[in-house]
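These numbers come from the heavy atoms of this one structure, side chains and all, not from hydrogens, waters or symmetry mates. As the structure lists them, so they are numbered: ligands from 1, and atoms in each ligand from 1. Because the structure is a prediction, the values reported are computed rather than measured.
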Amino acid sequence: MTSFVSVISLLLSFSLAIFSDAASFQKFPVPGKRSGPEAFAFDSTGKGFYTGVSGGKIFKYLPGKGYVDFGYITVSSKSQWCDGALGIAYMSKCGRPAGIAFNNKTGELYVADAPLGLHVIPSGGGYAKKIADSADGKPFLFLDGLDVDPTTGVVYFTSFSSKFSPGDVLKAVASKDASGKLFKYDPSKRVVTVLLEGLSGPAGCAVSSDGSFVLVSQFTKSNIKRYWIKGSKAGTSEDFTNAVSNPDNIKRIGSSGNFWVASVVNTATGPTNPSAVKINSDGRVLQTISVKDKFGDTLVSEVNEFEGRLYVGTLSGPFAGIIDL
Ligand SMILES: *[C@@H]1O[C@H](CO)[C@@H](O)[C@H](O)[C@H]1NC(C)=O
C-alpha cells in the first residue's frame, strides 16, 4: 500500500514537474536580423521590458504588442544596414549596447555601449546622447556592465578590457587580460572617475539596494569584488566571493539585499553550463538554476528578476528567455 501510494505521488510530482517546466519558460525572439539581448531594464510603469541588441538598438517589449523601437545609439542604428550588422561587424558605426539601467527619478536610460562609450537615452526614448568615451584621457575601448545607484542616481560601469576591443573578447579571455576598470559617473557633476583598475574581465556591476557598496564581477578569474561606496571602508575594495564560476552581469533583486548572477563554466572550447546563481549580501550562494536545457552552451549574459519572473539574456543568441519563478 505504502509503495503504491508513493509510486502514485512520484508519478504525480513527475507529471507536475513536466507541466510546470513547459508552462514556465517562454522565448521572445528579437525582430529582424538583430540578436543578442544582452541585458534588461524595467521602468516604473511595470509593463514589459527593455533590452539592447546588435546593431545599436534598444527595444521595448510591450505585452500584447511585441517589440517596438525605443532607442538608438547612433543615427545609423535605425538603418537596414545596421539591422544586418551581425555580431561585431559595423559595431563602431552602429553601436552595441551592453549594460543598461534606468534612473527611475528622471526616466533616463543609461547605456554602456561596448565600442562607443557611456550614453544616455532621454525619458520616452529616441537617440542616445554620448556622455563619455574616455576617462583621464584614456579611451574606454570596451564597456560592458552598468548600474544606477537607486538612492543617488550615480552611474557605475565597467570596461571589460582597456587593451582589447569588443571584437577581441575571446583573445582578452584567453590571455587572462587584467586591464579592466570600474568607473563612476556623477550626473550632478558631469564627471567620470576611475574607481578600480587591473580587473580580470569585469563584465558586470550592481549597487546594493541601500547604496553602501557596488559588486563587480571578474569573469576571467571567477571572482566577484566588492567596492565600498559608504561607511568606514568607503573607497576600498575586497574579494566578495569565488563561489560563482565565470560571473557576467550581476543584478540586484529589488530591496531584498540579494543578487542574481549570470554564470557559465568557461572551457578551452567555449562556455558551457549556463546558469542563474542567487547570492546574498555576504556572498553566499542561495540558489542555482541551470538554463542549459533552454540555452544549450550559449553564453548567458544576464539574469534579472522582475515581478516573479527571471529574464535571461545572451550575448549572441536570437531570443530573450523568461522563466516563471
Ligand atoms: C527602476 O525601477 C525598475 C522597476 O521597478 C527596477 O527594476 C529597477 O531596478 C529600477 N532601477 C534602479 C536603478 O533602481
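Residues D149 and K184 are not paired through a salt bridge, judged by the lack of any N-O separation under 4.0 Å between the basic side chain and the carboxylate.
The part of D43 lying near ligand 1 is the backbone, judged by heavy-atom distances below 4.0 Å. Looking at V148 against ligand 1, both its backbone and its side chain come within 4.0 Å, counting heavy atoms.
Checking only distances, R252 does come within under 3.5 Å of ligand 1, N or O to N or O.
Using modelled atom types, no side-chain atom of S275 and backbone atom of T288 make a donor-acceptor pair closer than 3.5 Å. Remark: the backbone N or O of D69 is not paired with any side-chain donor or acceptor of K78 at under 3.5 angstrom.
Nearest protein neighbour of atom 5 (O) of ligand 1, counting heavy atoms only, is F306 CE1, 3.7 Å. Considering only non-hydrogen protein atoms, atom 8 (C) of ligand 1 sits nearest to N104 ND2, 3.8 Å. Among protein heavy atoms, atom 13 (C) of ligand 1 sits closest to F102 O, 3.1 Å. Looking at atom 3 (C) of ligand 1, its nearest protein heavy atom turns out to be F42 O, 3.2 Å.
Under a 4.0 angstrom heavy-atom cut-off, N304 registers as lying outside contact with ligand 1.
Atom numbering of ligand 1 starts at 1 in the shown order; those under 4.0 Å from a heavy atom of P150 are 14 (O).
Aromatic ring centres of Y67 and Y61 lie closer together than 6.0 Å.
Taking the six-membered ring where tryptophan is involved, the planes of F42 and F306 are essentially parallel, since the angle between them stays under 30° and well short of 60°.
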Worked check of salt bridge (Lys or Arg N to Asp or Glu O under 4.0 Å) between R96 and D113: CA-CA 5 Å; R96 182 31 170 133; D113 187 87; over 6 Å; no
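Under the 4.5 Å side-chain contact rule for hydrophobic residues, V214 and I250 do not share a cluster.
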